[in-house]
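Just so it is clear: chains get the letters A, B, ... in the order the sequence lines come, proteins before strands, and each one is counted from 1.
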Amino acid sequence: MMAGPRRERFDPASYEAKWRERWEADELYVTRDDDPRPKRYVLTMYPYPSGDLHVGHWYAATGPDIVARMFRMRGNNVMFPMGFDSFGLPAENAAIERNIHPATWTDANIERMRGQFKTMGAMFDWTREVIVSDPSYYRWTQWLFLKLYEAGLVYKAMGAVDWCPKDKVVLAREQVEGADRRCWRCGTPVDKRDLEQWFFRITNYSDELLDFSGLDYPEPIKLMQTNWIGRSEGAEIDFPTEVDDIEPIRVFTTRPDTVFGATFMVLAPEHPLVSVLTSEERRADVEAYVAAARRETEIERMSTEREKTGVAIGAHAINPMTQERIPIFIADYVLPGYGTGAIMAVPAHDERDYEFATKHDLPIRYVVAPASGELPEGAAFVEHTDDEVLVDSGEFTGMPAAEAIGAITKQLTEQGLGQPAVTYRQRDWVAGRQRYWGAPIPIVYCDEHGAQPVPEDQLPVVLPTDVDFAPTGVSPLQSHAGFLKADCPKCGGPARRETDTMDTFVDSSWYFLRYCSPGNDEAAWDPEQVAAWMPMDLYTGGAEHGVMHLLYFRFFVKALRDLGLVSFDEPTRKLRNQGQILGTDHNRMSKSRGNVQAPDELVSRYGSDTVRAFLMFIGPWDQGGPWSPSGIDGIHRWLARVWGVGQPDGGGVPAGDAEGDELARALRRATHTTIDAVTEDYEDLHFNTAISKLMELTNAIIREREAGMAGGKAYAEAIDTLLLLLAPVAPHIAEELWERRGHAYSIHQQPWPVADPALAAADTIELPVQVDGKLRDRLVVTPSTPSAEIERMALESEHVQRYLAGRAPLRVIQVPGRLVNVVTPRD
RNA sequence: GGGCGAGUGGCGGAACGGCAGACGCGCCGGCUUUAGGAGCCGGUGUCGCAAGACGUGCGAGUUCGAAUCUCGCCUCGCCCACCA
């Protein structure tokens, strides 16, 4: 270098913005529908416009950007859009706290975040941007709501709903977190409230949502959704009561094989039969218990150490198999919303029933026993294995338990006392919110005709801007006379507008469809475009949406399919979750914790490419972890080295054609093996290992340069390939060096390199030699060296000889191309 | 309490059942520099002068061979949590 020309300093600031402007001016990232190349749709979950992009946003977006960029270089027409999830509580809270209108606050945040996004140099197609709080978008959210309403998939009903007392908002069941039941947004313990609510009938699709066949989803997400839906198979069984003219009590059980052991019954305190069945002498106690259960919040229920409380109601039922009279209780451990809200209690085979029976001195009768006949003492026998048989169960005694489930269910069915049944834990989606900043639910109430959908040609129902945001617990829309006043679509008479707005998850349940034909005034989407782009090829986002957004958007697509609005079953073929970047305190980044890390300073100091590459390098993308910028210097140094070797002067070393040379062959081998390795890593979203392989190639190039090989064909090929493979991760430096090397603009429109297997193949391999599995020596052989020859060489090795100590080997194991293991005789 | 996942150098992390620690950070030494920084070269799992021995949370097992598979335990993380 001493004599070489002075090289230009690595200064990303001198070119990064220049290229972004040029790409934008050239519409390099604008996706055209009529582009004939195969379509690929890559999407990252759009952000809430909280105000500033933090490193987590960069982390989440850079991964799919890399994949999208590679897809495009491979000859695809790639759509990679971005938008904003701009309805929701924080905007309304800002309005309350700072007296800024939610729309103003939101728009300003979007403006700022869009600008920050642009400094990433990602290939977002901003011409397709979707902002869900814009009337041109929520008009169609309302339209879709009405479509589902007409199809009976939306209904309004009274329901005990979770209520956040701080945000003063109804929560969907999925939005309540933790054992102590806190609000997912603010962490406040939630209450229960009885309110009339809008629901989406997601449970119509429970079974279909359990079917993941053909979907490439992470296992944890599939498991989460499966558990959330919570399908249980069993039977419903009717237990007649002694009271005349009253329907029998119907229970759900997954263990019909234990019905002979049902020695009492328990109803949820809310069960409709409680008041009719309760005897006069028990009425006072029962009513007190019911009232107490009603008052109890979920947290209080948790904090009572789960003691099984309950009271007898002074009535009896008949066990349909044993004909025994069994007492009926109410207890809050039986939930009103699951199964039938009533159980047959089998204390011998259910831990909860056992606890209750012990406490109330009720009979415990074992009716299933293991083959050994050994039953547990002082506990329920709940194991459910193959070798169990029924005992003390009338004609079924001796039958294997697994078989008895079907046999007993069959007999009950024939006798009209029961039937096979399936229940689910999943409930319908509470989709309405008593808040202002959301899409208004397009319904009006007429005294004459009740709830009426707003006619399509009157959409959107626009949110009024002149409202009072004082936090009252009711929607500000309730006090807006102009908004409330409406005409009945049916009779034209006076009507009152619905003031509930939609859960923001409704907006995000279809935004990916809107991207396919944004700005369309005629329809929510152009069916032809949706058919061409959907389903998505890759969808990425946080796993925290596992049972919320990621269930809802699947439900929506299935519902829309059944309405004939789309013709596919699932929103995305492939889903991947990035890990979460935590604050330096190892907590989730949040403004209230003050641990939010902004990338801006790092970007201005090191440039976007360095920040992107650093974020992708810190670890497996799906893992995340606490934020620390230590190590970013290493990435910056690497890109500076790339900058050095990528200069057209070959790094200042005079050229000499090294074709055919041993070193040149080694470099070509490195180049071509790197192509395959990096391509595979990008496909699997293993960005950290991809970058380490690019670093290795860079180091190989530098070694070559130092050996005086610069300037040959192999050398130029290595550098060009390095730049092409680097382009998705560090788009600016790749473009700058590509141009400097005299290649045609733009590197991002070049074909993806393809490895030549002949060049990638090694001509010598180093074979580890083990003795009894421990490394003792190495052999250098060619791939064609016969195994007998390898064995001979291994046994001749003096290191191996030492361990053999004159004995003949017991056997010699060879894994072709991998290793040799010499096994010595034992003892 | 149930389910799932993870425990590898000082740190982030690599490793189809086959060379443990790739790549990078940090650190140590050297060159360069008036100095600092940057850059470059070399070293860096532990013990040992070395030969070598020992090493992937702990303990067993399967195997010619285990970070990887099986069983038990410990720790951490996530999800669910009275779901009949």
Side-chain angles (χ1 to χ4, degrees), chain A residues 1-2 9-10 177-181 218-228 230-232 234 251-255 258 262 266 268 298 301-302 304 306-308 331-335 337-346 349-353 355-356 423-427 543-544 546-547 579-580 586 613-614 617-620 623 625-626 628-635 637-638 640-641 644 686 688-696 698-699 702 706 766-778 802 809-815 817-824 826:
Chain A
M1 236 132 307
M2 308 113 229
R9 202 167 67 89
F10 173 49
E177 294 183 334
D180 46 355
R181 303 189 50 82
E219 287 304 323
I221 295 289
K222 290 197 257 187
L223 201 71
M224 252 195 257
Q225 296 198 349
T226 302
N227 291 341
W228 186 261
R231 184 180 202 271
S232 294
V251 303
F252 173 75
T253 178
T254 53
R255 296 290 305 272
T258 64
V266 186
E298 300 279 339
R301 280 201 192 182
M302 295 311 301
T304 53
R306 297 186 185 182
E307 205 168 297
K308 294 282 176 291
D332 62 9
Y333 80 90
V334 175
L335 307 173
Y338 184 78
T340 61
I343 62 162
M344 62 174 203
V346 184
H349 303 290
D350 182 282
E351 284 169 355
R352 295 152 303 182
D353 298 344
E355 197 188 321
F356 192 87
T423 57
Y424 302 86
R425 297 184 43 193
Q426 185 179 39
R427 311 292 156 78
E544 65 274 17
V547 293
Q580 215 166 54
H586 295 221
F614 173 62
F617 184 65
I618 52 179
Q623 195 176 294
S628 162
S630 82
I632 193 167
D633 284 313
I635 289 285
R637 282 200 282 267
W638 166 52
R641 291 202 300 279
H686 294 161
N688 58 330
T689 48
I691 289 171
S692 82
K693 285 159 194 163
L694 292 174
M695 287 172 167
E696 286 182 281
T698 309
N699 294 342
I702 288 171
E706 259 136 38
E766 200 181 59
L767 227 46
V769 180
Q770 299 179 332
V771 177
D772 293 331
K774 289 202 164 73
L775 176 71
R776 298 303 178 192
D777 201 2
R778 292 160 206 280
R802 238 181 59 215
L810 195 64
R811 48 196 280 220
V812 178
I813 289 158
Q814 281 199 48
V815 183
R818 301 290 308 195
L819 59 40
V820 185
N821 188 19
V822 178
V823 184
T824 63
R826 292 284 149 98

Spacing of the C1' atoms in B:G43 and B:G59 (rounded, Å): 37 Å

Sugar-phosphate, base or nothing in reach of A:Arg427, heavy atoms under 4.0 Å: base

Gap in Å between the two P atoms, one belonging to B:G17 and one to B:A66, rounded: 15 Å

Nearest-Å distance for atom pair CD/P, residues A:Gln770 and B:G17: 16 Å

Spacing of the P atoms in B:C25 and B:A20 (rounded, Å): 25 Å

Under 4.0 angstrom between A:Arg776 side-chain N/O and B:A53 OP1 or OP2: yes

Sugar-phosphate, base or nothing in reach of A:Ser232, heavy atoms under 4.0 Å: sugar-phosphate

A:Lys308 NZ/CZ over A:Phe356 ring centroid, <6.0 Å and within 45° of normal: no

Protein-nucleotide distance (A:His586, atom NE2; B:C76, atom P), rounded to Å: 16 Å

First encountered from the 5' end of RNA chain B, between A:Met224 and A:Thr253: A:Met224

Whole angstrom value for the distance that separates P of B:C64 from CG of A:Asp772: 11 Å

Closest to the A:Leu223 side chain, choosing from B:C4, B:C64, B:A84: B:C4

B:G30: syn or anti, per glycosidic angle within 90° of 0: anti

Atom pair distance, as rounded to whole Å: CG in A:Leu810 and P in B:C64: 10 Å

Nearest-Å distance for atom pair CG/P, residues A:Asp332 and B:A84: 17 Å

B:G24 OP1/OP2 closer than 4.0 Å to side-chain N/O of A:Asn699: yes

Side chain to side chain, A:Asp350 and A:Ile343, heavy atoms closer than 4.5 Å: no

Separation of B:A38 P from A:Trp638 CH2 (nearest whole Å): 21 Å

Closest nucleotide among B:C40, B:A84, B:G26 to the A:Arg637 side chain: B:G26

Identity of whatever pairs with B:A60 - Watson-Crick or G-U, under 3.5 angstrom: B:U70

Close side-chain approach of A:Arg811 to A:Ile813, heavy-atom, < 4.5 Å: yes

Pairwise C1' distance, B:G21 and B:A81 [rounded to whole Å]: 40 Å

Closest-nucleotide 5' rank along RNA chain B - winner of A:Arg811 and A:Ile691: A:Ile691

For B:C54, the Watson-Crick or wobble counterpart (both distances under 3.5 Å): B:G45

Closest approach of A:Gly546 to A:Gln225 (non-hydrogen atoms, all atoms of both residues): O-NE2, 2.8 Å

Same-atom distance (P) from B:U8 to B:G13, integer angstrom: 9 Å

salt_bridge(A:Lys693, A:Glu696) N-O dist < 4.0 Å: no

Polar side chain donor-acceptor pair, A:Thr423 to A:Tyr338, under 3.5 angstrom: yes

C1' gap between B:G57 and B:A53, integer Å: 22 Å

Assigned partner base of B:G17, Watson-Crick or wobble definition, under 3.5 Å: none

A:Asn688 side chain vs A:Ile618 backbone, donor-acceptor pair below 3.5 Å: no

A:Glu544, CD: over 12 other non-hydrogen atoms inside 6.0 angstrom: yes

Selection from B:C82, B:C40, B:G3 that lies nearest to any side-chain heavy atom of A:Asn227: B:G3

A:Tyr338 OH to B:C80 P, straight-line distance once rounded to whole Å: 17 Å

B/S/- contact track for nucleotides 8-16 of chain B, protein heavy atom under 4.0 Å: ----BSS-B

Under-3.5 Å donor-acceptor pair between A:Lys308 side chain and B:C82 base: yes

Distance in angstrom units between A:Asn821 CG and B:C64 P, rounded: 10 Å

Audit row: A:Val769, A:Leu775, side-chain contact (heavy atoms from CB on, under 4.5 Å) steps and yes/no: CA-CA 6 Å; A:Val769 180; A:Leu775 176 71; 5.9 Å; no

Gap in Å between the two C1' atoms, one belonging to B:G18 and one to B:C69, rounded: 14 Å

B:G1 - base-pair partner by Watson-Crick or wobble geometry, distances under 3.5 Å: B:C80

Sugar-phosphate, base or nothing in reach of A:Ile813, heavy atoms under 4.0 Å: base

Rounded distance in Å between the P positions of B:G5 and B:A51: 43 Å

Heavy-atom donor-acceptor pair, A:Asp772 side chain to A:Thr824 backbone, under 3.5 Å: yes

Sugar-phosphate only, base, or nothing, as touched by A:Glu696 at under 4.0 Å among non-hydrogen atoms: sugar-phosphate

Identified pairing partner of B:G10, criterion: Watson-Crick or G-U wobble below 3.5 Å: B:C25

